[in-house]
Asks: 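Attaching a single structure in structure tokens format; questions to follow.
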Amino acid sequence: MTTLYNPLLNGFHPDPSVVRVGDEWFLATSTFEYLPGIPIHRSTDFETWELIGQVATRPGQLAVEDVPTAGGAWAPTIRHRDGVFHLVITDAMGRGMLHFTATDAAGPWSDGDLILKQDGSGSVDGIDPDIAWDAEGSVYITFSGLVLSGSQIGAHRGIQQVKVDLDTHRALEEPRSLWSGTGGGFPEAPHLYAVNDRWYLMIAEGGTERGHGISIARGDSPEGPFETAPQNPLVSARSTTRPIQNTGHGDLVVGPDGEWLCVLLGVRPRSMTRAFSALGRETFVTPVHWEDDGWPSIEPVMLNARPGTRVEVRFDAPLDGEWIAVRALPTAVSEVSGGLLVLRGDGSTLDDPRPVFVGRRQEHLTNAVTVTMDASAGVGGLAVRYDEHFHVEVEAGAGSVTARAVVSGLVQEWTTPLGGGVLDLHIDSRKPAPTGGFPRTGDEFDLAATIDGERVHLATVDGRFLSSETTESFTGRVIGVYAVDGVVSFQRWLAEGDDE
């Protein structure tokens with residue numbers, strides 16, 4: 001029997017979409033302003049998942065260079081037909097609604113074609129596109145009608161749909177409204193499924209915060225009309241004390257042994273009121289059952305975390321696909337040479353939209369990262385980034401080591417002298433120490449440096465300031481190294497974590 005681990009993908013992996021091809025499963029998630037964009041994970045058993053590639057690995061596939069925070073690659077749908085993988089997504093505030101193809105899910109993927117309006121005047125205006133084919137081969141793009149451009153930006157038109165000619169990538173009609181749920185806010189994330197001669201339209205409602213949930217309707221055609229299921233929402237953690245909250249934005253698939261599963265996003269909040277989610281939106285999975293009346297039911301999402309992990313990188317090979325950068329590819333801001341990861345500062349800091357920064361997702365609630373750095377020829381360090389307004393770092397160079405916390409314009413620093421150039425920098429995140437009362441935060445950061453063999457504690461920073469609820473970010477914590485001025489190099493990266 002399949003063991004369903006939760007999270008299925010730890011750390012910043014929101015908006016999951018999954019497709020089965022033979023006895024393999026391929027899962028895509030959102031990346032927003034980070035590159036490479038849209039990771040593809042593969043599994044042969046739905047228990048172990050391997051990152052096999054990304055969709056956006058070349059400049060121009062996503063126009064994220066200048067998107068605002070929370071823009072970029074939103075909510076993919078991945079499907080497979082006649083030997084070809086198809087992925088549709090919105091490059092929000094970037095190129096628009098896009099269609100990518102590949103014969104191998106590991107890549108390379110196409111450059112991406114805009115899904116154009118019927119008059120060809122620009123991209124279809126909406127988010128969270130789904131792609132489906134009917135028995136005659138007609139292509140349907142179903143999407144959430146959130147307006148991202150023009151005078152009506154932010155307006156919501158519910159769930160909409162167009163037929164599309166994939167040869168020209170042009171809509172064959174004006175968008176029509178389908179079904180917009182049961183009255184919850186932000187109807188989005190639509191997916192269409194043909195099951196037992198009926199068409200099912202599953203969507204998210206309630207926003208991607210505590211009110212999030214999944215609802216479903218069905219009809220005799222992909223165009224509707226759609227009948228609302230009597231038991232909606234199918235799944236939601238709203239008004240519960242479950243350890244996984246914000247559950248929604250799901251996709252259905254037939255899993256091993258023929259059982260149906262739903263992959264969906266959620267968060268793992270902690271603190272007295274379980275208010276702060278350090279890692280942002282992660283990917284989870286839960287069983288699905290088809291009832292005698294033809295409606296599906298979805299089980300509540302249960303926590304079943306994997307054992308901890310240890311990742312050590314010696315920089316004797318090119319960076320693997322887990323490394324990401326902000327609005328740029330990692331190769332644009334770093335190089336691996338002579339067993340070192342080398343970054344060249346350009347005067348930008350982590351306050352800037354495009355810092356000289358490369359990092360990896362924080363995957364565990366309890367986590368410790370150490371890097372060995374040579375700061376003799378520049379200034380840089382180790383940081384945890386949510387976005388340019390929320391980050392903490394340990395920075396070395398120019399004769400000192402500085403711990404810094406940046407919280408939406410508020411800055412606090414702690415500094416100690418540095419004599420030499422090579423040192424270890426440390427950022428640990430852990431549960432707050434017991435105080436006899438209720439914990440007021442999800443975790444704390446310990447910022448430290450090992451100088452001349454002695455570990456020097458620099459600061460303790462409240463982790464709630466780098467949580468999805470505080471930052472209102474769609475991403476999650478990314479831990480990485482950065483350069484401000486001159487040349488800094490890193491010899492070793494060690495990350496250890498668990499979910500205790």
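Nothing fancy with the numbering, it's 1 onward along the sequence.
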Asks: Taking the side chain as everything from C-beta on, heavy atoms only, tell me whether Tyr482 gets closer than 4.5 Å to Glu393.
Replies: yes
Asks: For residues 96-107, run the donor-acceptor check on the side chains, cut-off 3.5 Å, and write out each pair with its distance to 0.1 Å, sequence neighbours left out.
Replies:
{"residue": "His99", "atom": "ND1", "partner": "His169", "partner atom": "NE2", "Å": "2.7"}
{"residue": "His99", "atom": "NE2", "partner": "His86", "partner atom": "ND1", "Å": "2.9"}
{"residue": "Asp104", "atom": "OD1", "partner": "Ala106", "partner atom": "N", "Å": "2.9"}

Asks: With no hydrogens and no angle check, is any side-chain donor or acceptor of Arg270 less than 3.5 Å from a backbone partner on Gly442?
Replies: no
Asks: Taking 4.0 angstrom as the limit, do Arg385 and Glu33 come out as a salt bridge?
Replies: yes
Asks: Taking side-chain contact (heavy atoms from CB on, under 4.5 Å) as the criterion, tell me which of Val263, Leu4, Leu264 meets it with Thr286.
Replies: Leu264
Asks: When you look at Val358 and Leu341, which way does the side chain to side chain contact (heavy atoms under 4.5 Å, CB included) test go after all the steps?
Replies: CA-CA 10 Å; Val358 291; Leu341 175 61; 4.0 Å; yes
Asks: How about Leu27 and Ile78: do any of their side-chain heavy atoms sit closer than 4.5 Å?
Replies: no
Asks: What I want to check is whether the side chains of Gln245 and His212 have a donor and an acceptor closer together than 3.5 Å.
Replies: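 Checked: Gln245/His212 side chains show no N/O donor-acceptor pair below 3.5 Å.
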Asks: State the CG-OG1 distance between Asp251 and Thr77, to the nearest 0.5 angstrom.
Replies: 6.5 Å
Asks: Above 12 or not: heavy atoms from other molecules or residues under 6.0 Å from CE of Met272?
Replies: yes
Asks: Is it true that Gln362 and Ser429 share a donor-acceptor pair across their side chains at a distance under 3.5 Å?
Replies: yes
Asks: Would you say Ile141 and Asp130 make side-chain contact, with heavy atoms under 4.5 Å?
Replies: no
Asks: Between Asp446 and Lys431, is there a salt bridge with N-O shorter than 4.0 Å?
Replies: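 No, Lys431 and Asp446 are not salt-bridged.
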Asks: Could Arg477 and Asp443 be called an ion pair, given the rule that one side-chain N must be under 4.0 Å from one carboxylate O?
Replies: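 Here Arg477 pairs with Asp443 in a salt bridge, since their nearest N and O are under 4.0 Å apart.
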Asks: Any chance you could measure Trp109, atom CH2, to Leu87, atom CG, to the nearest 0.5 Å?
Replies: 5.0 Å
Asks: Is there a donor-acceptor contact under 3.5 Å from the side chain of Asp128 to the main chain of Phe143?
Replies: no
Asks: Does Ser271 reach the main-chain N or O of Ala275 with its side chain, forming a donor-acceptor pair under 3.5 Å?
Replies: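 Checked: pair present.
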Asks: Would you say the side chains of Asn246 and Arg210 form a donor-acceptor pair under 3.5 Å?
Replies: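 Yes, a side-chain donor-acceptor pair sits under 3.5 Å.
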Asks: Where does the angle between the aromatic ring planes of Phe32 and Phe12 fall among parallel (under 30°), tilted (30 to 60°) and perpendicular (over 60°)?
Replies: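 Phe32 and Phe12: tilted rings.
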Asks: Decide yes or no on side chain to side chain contact (heavy atoms under 4.5 Å, CB included) for Leu35 and Val64, but give the supporting numbers first.
Replies: CA-CA 8 Å; Leu35 291 174; Val64 301; 3.7 Å; yes
Asks: Check whether Thr240 reaches the backbone of Ala237 with its side chain - one donor and one acceptor, N or O, closer than 3.5 Å.
Replies: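 Yes.
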Asks: Determine whether a donor-acceptor pair (N or O, by modelled atom type, separation under 3.5 Å) exists between the side chain of Asn367 and the backbone of His364.
Replies: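 Flag not set: sc Asn367 to bb His364 has no pair under 3.5 Å.
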Asks: Are the side chains of Asp220 and Trp199 in contact, using a 4.5 Å heavy-atom criterion?
Replies: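 No. Closest side-chain heavy atoms not under 4.5 Å.
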Asks: How long is the straight-line distance from CD1 of Ile244 back to CG of Leu303, given to the nearest 0.5 Å?
Replies: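 If we round to the nearest 0.5 Å, Leu303:CG and Ile244:CD1 are 5.0 Å apart.
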Asks: Give me the one residue out of Trp25, Tyr5, Trp260 that meets ring pair (Phe, Tyr, Trp, His ring centres under 6.0 Å) with Phe46.
Replies: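 Answer after filtering Trp25, Tyr5, Trp260: Trp25.
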Asks: Any chance the side chains of Glu205 and Thr182 put a donor and an acceptor closer than 3.5 Å?
Replies: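 A donor-acceptor contact under 3.5 Å links the two side chains.
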Asks: Quick one: does Cys262's side chain get under 4.5 Å of Phe284's, heavy atoms only?
Replies: no
Asks: When you check the side-chain N and O atoms of Glu388 and Thr69, is any donor under 3.5 Å from an acceptor?
Replies: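 Glu388 vs Thr69: donor-acceptor pair found between side chains.
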Asks: Go through the side-chain N and O atoms of Arg361 and Tyr34 and say whether any donor and acceptor fall under 3.5 Å apart.
Replies: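 Absent: no donor and acceptor within the cut-off.
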Asks: Is Arg218 close enough and on-axis enough to Tyr200, meaning under 6.0 Å and within 45°, for cation-pi?
Replies: no
Asks: Judged by modelled atom types alone, do Trp179 and Thr228 share a side-chain donor-acceptor pair under 3.5 Å?
Replies: yes
Asks: For a side chain to side chain donor-acceptor pair (under 3.5 Å) check, start with the C-alpha distance between Glu50 and Ser43, then their side-chain angles and the critical distance, and finish with the verdict.
Replies: CA-CA 6 Å; Glu50 173 192 11; Ser43 180; over 6 Å; no
Asks: Between Val88 and Ile115, is there a side-chain heavy-atom distance shorter than 4.5 Å?
Replies: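 Yes, their side chains come closer than 4.5 Å.
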Asks: Grab the two heavy atoms, one from Leu62 and one from Ala73, that are nearest each other, plus how far apart they are.
Replies: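 Distance-wise, the nearest heavy atoms are CD1-CB, 3.9 Å.
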Asks: Can you find a heavy atom in the side chain of Trp493 that is under 4.5 Å from one in the side chain of Val369?
Replies: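 Contact flag for Trp493/Val369 side chains = yes.
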Asks: With ring centroids as reference points, do Phe315 and Phe490 lie under 6.0 angstrom apart?
Replies: no
Asks: Taking Ser123 for its side chain and Asp125 for its backbone only, find out whether a donor-acceptor pair lies under 3.5 Å.
Replies: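 Judged by distance alone, no pair lies under 3.5 Å.
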Asks: Within a reach of under 6.0 Å around CD of Glu312, are more than 12 heavy atoms found that belong to other residues, nucleotides or ligands?
Replies: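 Correct, the count exceeds 12.
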Asks: For residues Thr142 and Gln161, is any side-chain donor paired with an opposing acceptor at under 3.5 Å?
Replies: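 Yes, Gln161 and Thr142 have a side-chain donor paired with an acceptor closer than 3.5 Å.
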Asks: For atom CD of Glu47, is the number of surrounding heavy atoms from other residues, nucleotides or ligands below 6.0 Å larger than 12?
Replies: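 Count over threshold, so yes.
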Asks: How many angstroms lie between CG in Leu458 and NE2 in His426, if you round to the nearest 0.5 Å?
Replies: 9.5 Å
Asks: Between the side chain of Arg20 and the main-chain N/O of Val253, is any donor-acceptor distance below 3.5 Å?
Replies: no
Asks: Starting at OG1 of Thr90, measure out to CZ of Arg95 and round the result to the nearest 0.5 Å.
Replies: 12.5 Å
Asks: If you count heavy atoms of other groups shown closer than 6.0 angstrom to CZ of Phe226, is the number above 12?
Replies: yes
Asks: Side chains of His249 and Thr208: do they bring a donor and an acceptor to under 3.5 Å?
Replies: no
Asks: Taking only Lys NZ, Arg NE, NH1 and NH2, and the carboxylate oxygens of Asp or Glu, determine whether Arg440 and Asp462 approach each other closer than 4.0 Å.
Replies: no
Asks: Within the side chain of Glu282, is there an N or O that forms a donor-acceptor pair under 3.5 Å with the backbone of Pro14?
Replies: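 Here the side-chain-to-backbone pair does not exist.
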Asks: Just verifying a value: how many Å separate His41 NE2 and Thr48 OG1, rounded to the nearest 0.5 Å?
Replies: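 OG1 of Thr48 is found 12.0 Å from NE2 of His41.
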Asks: Just by modelled atom types, is the Leu279 backbone N or O under 3.5 Å from a matching donor or acceptor in the Ser277 side chain?
Replies: no
Asks: Would you say the side chain of Thr29 lies within less than 4.5 Å of the side chain of Asp15, judging by non-hydrogen atoms?
Replies: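 Contact flag for Asp15/Thr29 side chains = no.
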Asks: Determine yes or no for a side-chain-to-main-chain donor-acceptor pair under 3.5 angstrom, with Thr283 supplying the side chain and Pro16 the backbone.
Replies: no
Asks: Do we see a donor-acceptor contact under 3.5 Å between the side chains of Thr370 and Asp424?
Replies: no
Asks: Run the numbers on Thr475 and Asp387 for side chain to side chain contact (heavy atoms under 4.5 Å, CB included), then give the verdict.
Replies: CA-CA 9 Å; Thr475 57; Asp387 59 35; 5.9 Å; no
Asks: Any salt bridge linking Asp499 with Arg306? Criterion: basic side-chain nitrogen under 4.0 Å from a carboxylate oxygen.
Replies: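 A salt bridge is absent here (no side-chain N lies under 4.0 Å from a carboxylate O).
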Asks: Angle between ring planes, His191 versus Tyr193, binned at 30° and 60°: parallel, tilted or perpendicular?
Replies: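 His191 vs Tyr193 ring planes: tilted.
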Asks: Quiz question: by atom type and distance under 3.5 Å, do the side chains of Ser297 and His289 form a donor-acceptor pair?
Replies: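 The criterion, which ignores hydrogens and geometry beyond distance, is not satisfied for His289 and Ser297.
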Asks: Looking at Asp293, I want to see if its CG is surrounded by more than 12 non-hydrogen atoms of other residues, nucleotides or ligands under 6.0 Å.
Replies: yes
Asks: Is it true that Asp320 and Arg360 make a salt bridge, defined as a side-chain N closer than 4.0 Å to a carboxylate O?
Replies: yes
